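Down below is the structure, laid out as structure tokens.
Order of listing sets the numbers, starting from 1, for every ligand and every atom in it. Position 1 is the first residue of the sequence, and the numbers go up from there. Remember, it's a predicted structure, so these values are computed and weren't measured experimentally.
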Amino acid sequence: MAEHPIRFGIIGCATIATKVARAINLAPNSLLYAVGSRSIDKAKSFAAVNGLSDTVKLYGSYDQVLDDPCVDVVYLPLPTSLHVHWAVLAARKKKHLLLEKPTALDLTELDRILEACESNGVQFMDGSMWLHHPRTVKMKEMLFDSGLLGQVHLIHSTATSMGMTEFFENNIRVKADLDALGALGDLGWYCIGATLWSKNYKLPTSVTALPDTLKNSDGVILSCTASLHYYDDDDQPIKKSTTAIIHCSFLSYTCTDLSISASKGSLHLKDFIIPFQEDSAFFNYTLDAKLVELHIGWNIVKPEKVVVDCELPQEALMVQELARIVEGIKKSGCRPDSKWPEISRKTQLVMDAIKQCVDLGCKPVYLTENRTHYN
Ligand SMILES: *[C@@H]1O[C@H](CO)[C@@H](O)[C@H](O)[C@H]1NC(C)=O
């Protein structure tokens, strides 16, 4: 543990808070300092169930966490509809912010949060853990730095997880007043994030929802598929373009595939959001694959496998990275890092466009830096 670790306060004792509390304890530069719930009993039971140290402050309200001058960073895993209120308040109290995804119900709300962070000089980061895994860094090198795989043409990502009957009736992820974006917000966030990541955060030109969107009786999306289109505007005789297909659903068993097809090869993984194992992860790629003469097989026997070790789980790396930035702001007067809010903002912008397209009956929606529109 560092001599002066960055102190985290958690507001809300959602299931995901258990995982992040563990991550804060694992990250060497961070300390779980306070937990606040709507009642002190809930906070106490969260502390007991998770075996938290006696030194962790327990509060019976969210406000007490925000008012504690020792809290540096607030982790906010509340239902999405409550994000804008509590995140803006936290930023005004000069708390750096780790905000669970989806970050807000729409871009207008997220912009209010980002504006509050900016004007109060605090760091913003959303809870997308996979971006912090060393495997993600390794794949990025292969796609962009070495250019080994060539030009990306197709990105296919899936994020599904099966809901039980009880889930469809009671879980906050399918309640219109709590998490109105449903599967698109909870799981589609990752697919949109993977698409933007694969294109080095270039925004698509347009998005189109496929006509297969399924909603519950509250109008909350349970399953949806969309295509995202990139058109390169250079003057080449054959226009380069990229298409991404994303699929998110609460109706299929867990599947988190990402495959990228590019001009010289392809990249595949089946566990892009949470690796199969914590301490080591792998991805596969093929390079210059061809069929042999007579087309009775391939010139490669199987894909190349790249194994990447991970000393800390990806969520602890996320906490560590945020604490590192916060330390720079606190101790060396650094500016907040604009990379993380920019990634969140683009993800939310594309999500808004897909939602708008669903609502318009699958009419394509075009994107610009600041908004979405249709013709
Ligand atoms: C990845 O590659 C390894 C080695 O070539 C192979 O055994 C494995 O089945 C591949 N896995 C996937 C998910 O493609």
Side-chain angles (χ1 to χ4, degrees), residues 19 101 128-163 183 186-200 210 212 223-228 242-318 347:
K19 178 170 174 175
K101 33 61 56 180
S128 302
M129 299 163 178
W130 72 278
L131 292 174
H132 301 270
H133 198 287
R135 171 177 67 178
T136 310
V137 177
K138 186 86 194 155
M139 293 191 299
K140 185 168 181 287
E141 274 169 28
M142 206 162 190
L143 275 174
F144 305 112
D145 307 344
S146 72
L148 195 63
L149 296 179
Q151 169 95 17
V152 171
H153 290 303
L154 181 73
I155 304 148
H156 196 156
S157 60
T158 309
T160 62
S161 102
M162 185 68 174
D186 189 38
L187 299 169
W189 181 271
Y190 294 112
C191 301
I192 295 167
T195 302
L196 289 167
W197 175 86
S198 306
K199 291 295 285 178
N200 221 356
L210 271 54
D212 65 347
S223 170
C224 130
T225 312
S227 55
L228 290 66
T242 308
T243 299
I245 307 284
I246 69 161
H247 176 73
C248 54
S249 167
F250 289 140
L251 305 173
S252 304
Y253 270 91
T254 303
C255 171
T256 60
D257 290 3
L258 173 63
S259 42
I260 298 173
S261 306
S263 55
K264 294 184 201 159
S266 64
L267 190 148
H268 306 271
L269 57 164
K270 301 215 149 278
D271 56 351
F272 83 96
I273 301 170
I274 297 173
F276 291 127
Q277 287 173 1
E278 234 180 13
D279 53 354
S280 156
F282 70 95
F283 66 90
N284 283 358
Y285 73 95
T286 62
L287 202 58
D288 293 323
K290 296 181 190 61
L291 299 180
V292 293
E293 225 178 313
L294 298 182
H295 291 194
I296 50 173
W298 292 47
N299 65 339
I300 53 169
V301 184
K302 52 186 183 174
E304 295 289 335
K305 181 173 170 179
V306 179
V307 180
V308 182
D309 292 332
C310 194
E311 277 176 29
L312 282 176
Q314 57 182 2
E315 56 275 16
L317 293 170
M318 171 181 78
T347 311

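- Sorted by first and then second residue, the salt bridge (charged side-chain N to carboxylate O under 4.0 Å, His left out) pairs involving residues 242-270 (not counting sequence neighbours) are D257-K270.
- Within the 4.0 angstrom cut-off, atom 9 (O) of ligand 1 has no protein heavy-atom neighbours.
- Contact check for H268 versus P303: no side-chain heavy atoms found under the 4.5 Å cut-off.
- No side-chain donor-acceptor contact under 3.5 Å links T347 to the backbone of G193.
- Taking K199 as the reference, T242 meet the side chain to side chain donor-acceptor pair (under 3.5 Å) condition, with sequence neighbours excluded.
- Looking at atom 13 (C) of ligand 1, its nearest protein heavy atom turns out to be K270 CG, 3.7 Å.
- The protein atom (non-hydrogen) at minimum distance from atom 7 (O) of ligand 1 is K302 CD, 4.8 Å.
- For atom 5 (O) of ligand 1, the closest non-hydrogen atom on the protein side is P303 O, 2.5 Å.
- At under 3.5 Å, not a single nitrogen or oxygen of F282, backbone or side chain, sits near a nitrogen or oxygen of ligand 1.
- Here the side chain of T160 pairs no donor or acceptor atom with the backbone of S249 at under 3.5 angstrom.
- In terms of protein heavy-atom proximity, atom 11 (N) of ligand 1 is nearest to N284 ND2, 2.7 Å.
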